[in-house]
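All chains are named by letter (A, B, ...) in the order of the sequence lines, taking the proteins before the strands, and each is independently numbered beginning at 1. Values reported hereafter were calculated over all heavy atoms of this structure, with side chains retained and with hydrogens, waters and symmetry mates removed.
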Number of protein chains: 2
Amino acid sequence: MTRTSSRTQVHSQDCGDCPIRHRAVCARCESDELDRLEQIKYYRSFEAGQTVVWAGDRMDFVASVVTGIATLSQTMEDGRRQMVGLLLPSDFVGRPGRDTSAYDVTAATDLVMCCFRKKPFEDMMLNTPHLGQRLLEMTLDELDAAREWMLLLGRKTAREKIASLVCIIARRDASLQLRASDGELRFDLPLTREAMSEYLGLTLETVSRQMSALRKEGLIVTEGKRQIVIPDFDRLLEETGDDSDGGFLI
Amino acid sequence: MTRTSSRTQVHSQDCGDCPIRHRAVCARCESDELDRLEQIKYYRSFEAGQTVVWAGDRMDFVASVVTGIATLSQTMEDGRRQMVGLLLPSDFVGRPGRDTSAYDVTAATDLVMCCFRKKPFEDMMLNTPHLGQRLLEMTLDELDAAREWMLLLGRKTAREKIASLVCIIARRDASLQLRASDGELRFDLPLTREAMSEYLGLTLETVSRQMSALRKEGLIVTEGKRQIVIPDFDRLLEETGDDSDGGFLI
DNA sequence: CATCGTTTTTGATCTGCATCAATGCGGTTG
DNA sequence: CAACCGCATTGATGCAGATCAAAAACGATG
């Protein structure tokens, strides 16, 4: 299966404070529309751990992540939590046409979001076709990501889940990072063990144990608090259970 | 959390052979666009068990389910399978802007699909805003469903998974079925134990055992091959682990 | 109606991950 | 520097669901 997700291709052209992430598309929008966007946008900052909105709360804006990481999570009555969205810079939050959040939105790291009041944003969508088209494309990408995630949750072992997550972060982060000549890959893993466990449908103890196992086997190296080095990306990939081709790497 | 999914509201207005499912929206499209749609559409039938397309295969059409049930599945190298989409009549298949299928598409029951050659369909999307808007809305609904599904896969027990699936099918099917006066709900469960296990991330043995357990406790009654009766829907709902309000029932 | 293939049920056993519990490790604060 | 806090690691044990295996139910077919 060759999965040429447009997510990856677009990523290198991101513009953090553009609501629709893809500079090439924005440039095609009429300039007065862009001006109007400028007028209705504002920034909000959050500290790591803070909640942006709770599931069920009124949410009268849509937004895109400028810097940091936000998560979407669902919680069951008894407290069991499952992350259902991981938002990196340039990712979009919020659903046009709905006025309450369906998920807890949380700042996993210090976070800056670029917000747009929802009503004006929706109005603009009506007469700016590119906006809707771009949003559709992004939503389809997210749906693909969600389905990949479902395979992970439903069928992968703990070890495969961990390897997959590390590879996913590495891929999404790597465009911004340097890659050493020998294929070594160095980047930040900005999630706590607990956040990782919520992403993977595991307990944090299992996450910790499996991280230790991968470390002992030399598949990953941890440097300091959150910095991670992957000496051989392809070898780690083999632990994910995914198709070896994968369609695209980095 | 009140989840007023537009999926449910729209459902009662479905038109099976309309590509975009919602008659009220279609009616707003200019009639010559509708005519052109008519010209490029054609029907395909499949028997239960047949594969519509394999992951990675060329897919030069988009389609909507007319009758029957189709599934989207991902397969790992060693054969582990996870269902990632369950398509009932009026649901949409295929991604504009991608020419290979990312998933195995399979007929879970006898199936009729209404297909549109992709190129003309994409052309038409460009100058029929409503088409894109409707598609965006449907994709957002699917994303919400996928995220609900992720919670099920990552955090629910086998028992909760089974109860959830039965309730999901009951809800989606129920609009077409009769509901007895005493709150009893009778409908078809058109999935094999294996298909259920692929949906839920379980083995078919576990599915069978948990179905038996629910049957013994009187939460469900099976009549003949695939007919299911839920004597008390609310009581079954309590077994799903979901918020008791749920936002919307049936 | 007997036979056969498919699907489902049930049983016995095993195991991967959860659970419960304690210890370690920086980083921050008084 | 000591005390403390949040986070991570490691250990001991239990259990839900997987696995392996067999029998039963059901429908189709000659």
Side-chain angles (χ1 to χ4, degrees), chain A residues 47-50 76 78-82 106-110 152-166 188-217 220-228 239 241, chain B residues 47-50 76 78-82 108-110 152-166 188-217 220-228 239 241:
Chain A
E47 287 175 21
Q50 269 193 298
M76 295 172 67
D78 60 5
R80 280 176 282 175
R81 273 172 77 87
Q82 175 64 50
T106 311
T109 64
D110 289 346
L152 177 147
L153 290 171
R155 295 301 183 191
K156 289 189 178 180
T157 65
R159 181 186 175 87
E160 289 168 339
K161 286 178 175 182
I162 297 284
S164 299
L165 177 54
V166 173
D188 248 35
L189 200 162
L191 299 177
T192 64
R193 297 289 180 251
E194 189 180 24
M196 291 174 71
S197 75
E198 283 179 13
Y199 185 109
L200 299 170
L202 297 170
T203 60
L204 76 166
E205 293 96 328
T206 299
V207 170
S208 184
R209 271 185 252 273
Q210 296 293 338
M211 287 291 285
S212 298
L214 293 182
R215 198 185 316 122
K216 273 168 197 148
E217 295 172 39
I220 61 176
V221 181
T222 53
E223 291 193 350
K225 186 73 172 161
R226 294 266 164 85
Q227 181 114 168
I228 284 205
E239 302 296 328
Chain B
E47 286 175 21
Q50 269 192 300
M76 295 171 68
D78 60 4
R80 280 176 282 174
R81 272 172 77 86
Q82 175 63 51
T109 64
D110 289 346
L152 177 148
L153 290 171
R155 294 303 183 190
K156 288 189 179 180
T157 65
R159 181 186 175 87
E160 288 169 339
K161 286 179 176 183
I162 298 284
S164 299
L165 176 56
V166 173
D188 248 36
L189 200 163
L191 299 177
T192 64
R193 295 290 180 251
E194 190 180 23
M196 290 174 72
S197 75
E198 284 178 13
Y199 185 109
L200 299 170
L202 297 170
T203 60
L204 75 168
E205 292 96 326
T206 299
V207 171
S208 183
R209 271 185 252 273
Q210 296 294 340
M211 287 289 285
S212 298
L214 293 182
R215 199 185 313 122
K216 272 169 198 145
E217 296 172 37
I220 60 176
V221 181
T222 53
E223 291 193 348
K225 184 72 172 162
R226 295 266 162 85
Q227 181 112 172
I228 284 206
E239 301 296 327

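Regarding A:M211, its CE atom lies at a distance of 18 Å from the C1' atom of C:dC17, rounded to whole Å. Distance, B:L189 CG to C:dT7 C1': 14 Å, rounded to whole Å. Look at CG on A:L191: it is 14 Å from C1' on D:dC7, rounded to the nearest Å. If you take NZ of A:K161 and P of C:dC17, they are 8 Å apart, rounded to a whole angstrom. Taking atom CG on B:L153 and atom P on D:dG17, their separation rounds to 13 Å, with Å as the unit. Taking atom CD on B:Q210 and atom P on D:dG17, their separation rounds to 6 Å, with Å as the unit. If you measure from atom CZ of B:R193 to atom P of D:dA24, you get 19 Å, rounded to the nearest angstrom. Between A:I220 atom CD1 and D:dT9 atom C1' there is a gap of 14 Å when expressed in whole angstrom units.
Proximity of residues 194-205 of chain B to DNA chain C (heavy atom under 4.0 angstrom from any strand atom) is restricted to B:E205.
Among the protein residues, B:R215 comes within range of the sugar-phosphate backbone only, with heavy atoms under 4.0 Å from sugar or phosphate atoms but none that close to a base. Residue contacts for B:R159: at a heavy-atom cut-off of 4.0 Å it reaches no nucleic acid atom on any strand shown. Contacts of B:S212 with the nucleic acid, taken as non-hydrogen atoms under 4.0 Å apart, involve only primed sugar atoms and P, OP1 or OP2. Contacts of B:S208 with the nucleic acid, taken as non-hydrogen atoms under 4.0 Å apart, include base atoms.
Pairs passing the salt bridge (Lys or Arg N to Asp or Glu O under 4.0 Å) check and including a residue from residues 195-217 of chain A, sequence neighbours excluded, read A:R81-A:E198, A:R159-A:E217.
The shortest side-chain heavy-atom distance between B:M76 and A:E160 falls under the 4.5 Å cut-off. Side-chain atoms of B:Q210 and B:T157, non-hydrogen and from C-beta on, never get closer than 4.5 Å to each other.
Proximity of B:R209 to the phosphate of C:dA12: no side-chain N or O atom is located under 4.0 Å from OP1 or OP2. Contact between the side-chain N/O atoms of B:T192 and the OP1/OP2 oxygens of C:dT7 is not found at any separation under 4.0 Å.
For B:K156 against B:S164, the heavy-atom pair with the smallest separation is NZ-OG, 2.9 Å. The minimum heavy-atom distance between B:Y199 and B:L153, with the atom names listed, is O-CD2, 3.8 Å. Annotation for A:A108 and A:A48: closest pair O-CB, 3.9 Å, computed over non-hydrogen atoms.
Using modelled atom types, no side-chain atom of B:Q227 and backbone atom of B:T222 make a donor-acceptor pair closer than 3.5 Å. Under a 3.5 Å cut-off, the side chain of A:S208 and the backbone N or O of A:L204 do not form any donor-acceptor pair.
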### Summary
Protein-proximity profile, nucleotides 22-29 of chain C, B/S/- by nucleotide at the 4.0 Å heavy-atom cutoff, equals --------

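With the nearest nucleotide of DNA chain D identified for both A:R155 and A:R226, A:R226 has the one nearer the 5' end.
The side chain of A:T157 approaches C:dC17 more closely than any other nucleotide in the set C:dC17, D:dT9, D:dG17.
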### Message
Apply side chain to side chain contact (heavy atoms under 4.5 Å, CB included) to residues B:M196 and B:L189 and explain how you reach the verdict.
### Response
CA-CA 10 Å; B:M196 290 174 72; B:L189 200 163; 4.0 Å; yes

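For A:E47, the CD atom sits in a loose shell: 12 or fewer heavy atoms of surrounding residues, nucleotides or ligands are nearer than 6.0 Å.
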